[in-house]
Amino acid sequence: MKYAFVLLAACSAPAHPAAAVPIPDIARATDELAAPDAFAPIADRATRSRALFGEAARVFTSPRCVNCHPADDSPRQGDRHALHDPPIVRGPANHGIPPLECATCHQDANLPLARVPGAPNWSLAPSTMPWLDRTPSQICVQLKDPARNGGKSLAQIHDHVAHDPLVAWGWAPGKDRKPAPGSAAQLAALVQAWIDTGAECP
């Protein structure tokens, strides 16, 4: 099988050098994710692990994820990461501040007529978990660090990716919002395969 080189760089991140990782030449649409089996031809386990994370990072660096993972206190909106309108701040528990908490507008499901997205426990990710303008390598290191990931083990990270309704919203964002690549199940499979191969970072 022929191999191609892909740069593991966040779609929303500024241009910067990134290490090229060999992965199988997979013919697929840009909105699909490759299955873990597609990376089996990579004999070196660590290289395969890095390539698996690179594929999963296509989701982590998508607008549906990074807009709720800013480094500052302002949520983002849309594919260009515009500041939240109306202006909203993080608040002490990542849910906004009274009387402008996230749940004031964001319900447990999308509100199609109002064009307001929604899912259970709508909130910003903790400020220790910024993904906006971060590379896949930076996100990977962060995910593995219990001091920054909320004290989670890798198994708990996988459970969060596989079962959290707020994460699942990324594939059903409503209206004209572009879903994250692939599906929640495909991402969970990639994350598990990444863990099983040593959870190496690009």
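Note that CD1 of Ile139 and SG of Cys201 are 10.5 Å apart. Values are rounded to the nearest 0.5 Å. Annotation: the span from Asp133 atom CG to Gln138 atom CD amounts to 9.5 Å, rounded to 0.5 Å. Here the CG atom belonging to Leu111 is positioned 11.5 Å from the NZ atom belonging to Lys175, to the nearest 0.5 angstrom. Rounding to the nearest 0.5 Å places CG of Leu33 at 5.5 Å from CZ of Arg58. Atom-to-atom distance recorded for Cys68:SG and His84:NE2 is 8.5 Å, nearest 0.5 angstrom. Interatomic distance, Ile157 CD1 to Asn149 CG, rounded to the nearest 0.5 Å: 4.5 Å.
Taking every heavy atom of both residues into account, Pro117 and Pro173 meet most closely at CB-O, 4.4 Å.
Sorted by first and then second residue, the ring pair (Phe, Tyr, Trp, His ring centres under 6.0 Å) pairs involving residues 146-192 (not counting sequence neighbours) are Trp122-Trp169.
When atom types are taken as modelled, the side chain of His95 and the backbone of Ser123 share no donor-acceptor pair closer than 3.5 angstrom. A donor-acceptor pair under 3.5 Å is formed between the side chain of Lys144 and the backbone N or O of Ala199. Although no hydrogens or angles enter the test, the distance criterion places a donor-acceptor pair under 3.5 Å between the side chain of Gln156 and the main chain of Ser153. Judged by distance alone, with hydrogens and angles left aside, the side-chain atoms of Ser62 form a donor-acceptor pair with the main-chain N or O of Val59 at under 3.5 Å. Formation of a donor-acceptor pair under 3.5 Å by the Trp194 side chain with backbone atoms of Arg50 is not found in this model.
Counting heavy atoms from C-beta outward, Asp31 and Pro179 have side chains that stay 4.5 Å or more apart.
A search for side chain to side chain contact (heavy atoms under 4.5 Å, CB included) contacts involving Ser127 returns Arg90, not counting sequence neighbours.
Under the 4.5 Å side-chain heavy-atom criterion for grouping Ile, Leu, Val, Met, Phe, Trp and Tyr, Leu132 is not connected to Leu124 through any hydrophobic cluster. Ile195 and Leu187 fall within the same hydrophobic cluster, where Ile, Leu, Val, Met, Phe, Trp and Tyr residues are linked whenever their side-chain heavy atoms come under 4.5 Å apart, directly or through other members. Under the 4.5 Å side-chain heavy-atom criterion for ILVMFWY residues, no single connected hydrophobic cluster contains both Leu166 and Leu143.
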